[in-house]
Amino acid sequence: MTLHEHAIVRGVLLGHAGSMVVDPGTDPAEPAAGTARPGARRAVDALRAAGLPVGAVAERPAADHRVESLVGPLDAWFAGTGGPADEATVRQAASALGIVPAELVVIGDGGPEMRAARAAGAAGILVPSDGTRDDGVDDADVVVPSLLDAVALVLHMVRRAAPRAVDSR
């Protein structure tokens, strides 16, 4: 399912490395490395303000406390079993967030996350980072320049699907 075929968005799964955090480091014993990507805190705050559950996927689950200190609280963390994200992780995340995969948008910076989203029936928005390869761009439903742009697109989809009040006067 592509982003444009999604009728309803009820949750978001964010990638950790490259998506929310710049240079998370490569030492699994040092999850505190890295800094928030520009606009990451505002992006997470906007999703939460819209009432959307927000999960994150990381290859190193120990990263969660450091990332949340940078971007704010997240509803759930998921360990990517086959890398940064795979189909099973996306399905698990949707279930844990109380939604079906077709109601989930995955925002990440690589091809594995975009392929996982598609395989699970979720939509994928790619926010390229320095580590993004061409296959990530090819596999994404949509490519946007920043995490804030990705969140703006998600919020537009939420507003578009919201029932409108009818004035019956």
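Keep in mind the model is a prediction, meaning the values are calculated, not measured.
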What pair of heavy atoms forms the shortest contact from [X] to [Y], and how long is it?
X      : Y      : value
Val71  : Asp45  : O-OD1, 4.4 Å
Arg41  : Leu70  : NE-O, 3.3 Å
Pro101 : Ala120 : CB-O, 3.1 Å
Leu97  : Val12  : CD1-O, 4.0 Å
Leu74  : Ala56  : CD1-CB, 3.7 Å
Val44  : Pro73  : CG1-O, 3.9 Å

Kindly indicate whether the side chain of [X], heavy atoms from C-beta on, has any atom under 4.5 Å from the side chain of [Y].
X      : Y      : value
Val127 : Pro145 : no
Ile107 : Val154 : yes
Trp77  : Val67  : yes

Can you get from [X] to [Y] by hopping between Ile, Leu, Val, Met, Phe, Trp and Tyr side chains that sit under 4.5 Å apart?
X      : Y      : answer
Phe78  : Ile99  : yes
Leu47  : Leu153 : yes
Val144 : Leu52  : yes
Val100 : Val106 : no
Leu148 : Val142 : no

Val90/Leu13 under side-chain contact (heavy atoms from CB on, under 4.5 Å): CA gap, chis, key distance, verdict: CA-CA 8 Å; Val90 173; Leu13 180 63; 4.3 Å; yes
Any pair counted as salt bridge (charged side-chain N to carboxylate O under 4.0 Å, His left out), so long as it reaches residues 89-100, sequence neighbours left out: Glu87-Arg91
Supply the atom-to-atom distance [X] [atom1] to [Y] [atom2], rounded to the nearest 0.5 angstrom.
X      : Y      : atom1 : atom2 : answer
Met157 : Arg10  : CE    : CZ    : 12.5 Å
Leu14  : Glu113 : CG    : CD    : 9.5 Å
Asp86  : Arg115 : CG    : CZ    : 11.5 Å

Any donor-acceptor N/O pair, Asp141 side chain to Ile125 backbone, under 3.5 Å: no
Ionic contact status for Arg48 with Asp75, cut-off 4.0 Å: yes
Exceeds 12 heavy-atom contacts within 6.0 angstrom, atom CZ of Arg37: yes
